[in-house]
Participant: 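First the structure, which I've put down as structure tokens, then a few questions once you've had a look.
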Amino acid sequence: MQVIETIADFRAARAALRGTLGLVPTMGFLHEGHLTLVRHASAANDHTAVSIFVNPTQFGPNEDFSAYPRDMERDLAMLRAEGVALVFAPPVAEIYPPEFQTYVEVIGVSQGLEGARRPGHFRGVATVVAKLFNVVQPTRAYFGQKDAQQVAVVRQMVRDLALPVELEIVPTVREADGLALSSRNAYLSPEQRAAAPVLYRALSNARDAYEHGERSAEMLRKIMRETLAAEPLAQVSYISAADADSLAELDGVEDRITRPVLLSLAVKIGQPTLIDNMIVGA
Ligand code: AMP
């Protein structure tokens, strides 16, 4: 496994590879969710590349960029065990040198949900993903459904800019009690960790209601709201039932569900805000 820190060295290593290359972009502090993406990439491509880069431009001024958990040695050991060929782990100045002045902004699907909660977040995501695609030149790139709006933003960018990469979306990997794996789960105290599966329960209750015939988006939001209200440690940031393609919130005359719906939540439990989602009606 080659661990590479500069764009020039990565390009040289990439040029020496024959066949297809799968890319898994990450911010490190790897868990089974990331490794599941790596395994999908390895199964479908001749080689796998993983990027590890905590991207400063996708963090707001009051967010956890400096505190974001990092453990490069552990990450590299995990990736070595998976048979990954290339790891791209650049320092911040390699991606954002002092003269850097170009950003990628996807305007429509970036606006609600995480985009509203975290202004500028998806501009940072789209910019770094575009740059990683240009450096790595993957055949396919792997993203988790856990970050559903990120998937929508990257998909739109790839389409709009005709980027020559195939996107592969991998279902959310969960703990036995339903909590979606996330590097930010490391922030939870034992008591907060015990409360955190309430996101999954809220989504599951809404999905069950949908499967029993409920077709009002407002009713599905109400079911999620009531489930979350029963957990004292859960502070709701948003509860959404939105069109799964456009991410437009379903309300008013649009309330009746006739197309796939993205149910999504952002809930602060202790320090971190946890996010999760499910698609119904697909
Ligand atoms: P991150 O390191 O948080 O930026 O995540 C890197 C990639 O892993 C993103 O495409 C995430 O959506 C994906 N990912 C993170 N957690 C999970 C999970 N629990 N299940 C599936 N994919 C995940």
Side-chain angles (χ1 to χ4, degrees), residues 22-44 48-60 63-65 67-72 74-76 78-79 82 84 87-90 92 95 109 113-115 118 121-133 136 138 140-158 165-188 193 196-197 199-200 203 262 264-267 272-279:
L23 169 66
V24 180
T26 82
M27 298 205 300
F29 210 69
L30 303 178
H31 51 63
E32 276 296 310
H34 299 112
L35 297 185
T36 302
L37 269 61
V38 169
R39 288 173 200 140
H40 278 259
S42 300
T48 299
V50 175
S51 59
I52 299 177
F53 181 64
V54 184
N55 174 34
T57 62
Q58 71 187 68
F59 288 79
E63 293 184 0
D64 57 346
F65 171 70
Y68 194 84
R70 293 165 170 88
D71 190 341
M72 187 61 78
R74 179 170 149 277
D75 289 350
L76 295 179
M78 291 165 89
L79 296 177
E82 296 293 330
V84 166
V87 172
F88 184 46
V92 170
I95 300 299
V109 291
L113 307 174
E114 289 299 284
R118 307 179 68 184
H121 171 67
F122 287 118
R123 178 185 193 248
V125 168
T127 301
V128 80
V129 170
K131 187 155 187 172
L132 290 170
F133 284 177
V136 175
R140 303 184 181 86
Y142 294 77
F143 291 87
Q145 178 60 31
K146 156 95 182 346
D147 297 286
Q149 191 175 14
Q150 171 168 279
V151 167
V153 168
V154 172
R155 186 173 272 143
Q156 190 68 40
M157 174 182 77
V158 164
V165 57
E166 289 172 34
L167 298 183
E168 302 289 345
I169 311 310
V170 176
T172 302
V173 179
R174 300 177 180 283
E175 303 279 7
D177 60 10
L179 176 64
L181 298 191
S182 166
S183 305
R184 288 194 171 94
N185 293 349
Y187 294 129
L188 299 169
R193 171 63 188 81
L199 280 83
Y200 178 71
L203 291 164
L262 177 72
S264 65
L265 303 173
V267 180
T273 299
L274 305 180
I275 61 170
D276 201 351
N277 70 84
M278 279 185 197
I279 293 180

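These numbers come from a predicted model, not from an experiment. In listed order, ligands and their atoms are each counted from 1. In what follows, residues are counted from 1 in the order of the sequence shown.
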Participant: List the closest protein heavy-atom neighbour of atom 10 (O) of ligand 1: residue, atom name, distance to the nearest 0.1 Å.
Facilitator: Gly144 N, 2.9 Å
Participant: With respect to atom 6 (C) of ligand 1, which of Pro25, Ser51, Ser183, Pro171 exhibits the smallest heavy-atom separation?
Facilitator: Pro25
Participant: Do Asp276 and Arg174 sit within salt-bridge range, that is, some charged N less than 4.0 Å from a carboxylate O?
Facilitator: yes
Participant: With side chains defined as the heavy atoms from C-beta onward, is the minimum distance between Leu132 and Phe88 less than 4.5 Å?
Facilitator: yes
Participant: Given Glu175, Met27, His34, His31, which has its nearest heavy atom closest to atom 16 (N) of ligand 1?
Facilitator: His31
Participant: Suppose I only count heavy atoms of Leu37 and a 4.0 Å limit; which atoms of ligand 1 are within that range?
Facilitator: 7 (C), 8 (O), 10 (O), 13 (C), 22 (N)
Participant: Quick one: are Met27 and Ile52 in side-chain contact, heavy atoms under 4.5 Å?
Facilitator: no
Participant: Given 3.5 Å as the limit, does a donor-acceptor pair link the side chain of Asp147 with the main chain of Gln150, or not?
Facilitator: no
Participant: Taking the non-hydrogen atoms of Gln145, is any one of them nearer than 4.0 angstrom to ligand 1?
Facilitator: no
Participant: Should Arg193 and Glu175 count as side-chain neighbours, where that means a heavy-atom distance under 4.5 Å?
Facilitator: yes
Participant: Run the numbers for me: atoms of ligand 1, each under 4.0 Å from some heavy atom of Phe143, listed by number.
Facilitator: 10 (O)
Participant: Do Tyr142 and Arg140 have side chains that approach each other closer than 4.5 Å (heavy atoms only, starting at C-beta)?
Facilitator: yes
Participant: Between the candidates Leu181, Asp147, Val170, Val173, which shows the shortest non-hydrogen contact distance to atom 11 (C) of ligand 1?
Facilitator: Asp147
Participant: Mind checking whether Thr36 has a heavy atom under 4.0 Å from ligand 1?
Facilitator: no
Participant: Please work out which of Arg174, Gln150, Lys146 has its closest non-hydrogen atom nearest to atom 9 (C) of ligand 1.
Facilitator: Gln150
Participant: Using a strict cut-off of 4.0 Å, indicate which atoms of ligand 1 neighbour a heavy atom of Thr26.
Facilitator: 2 (O), 6 (C)
Participant: Looking at His34, Lys146, His31, which one forms a side chain to side chain contact (heavy atoms under 4.5 Å, CB included) with Leu181?
Facilitator: His31
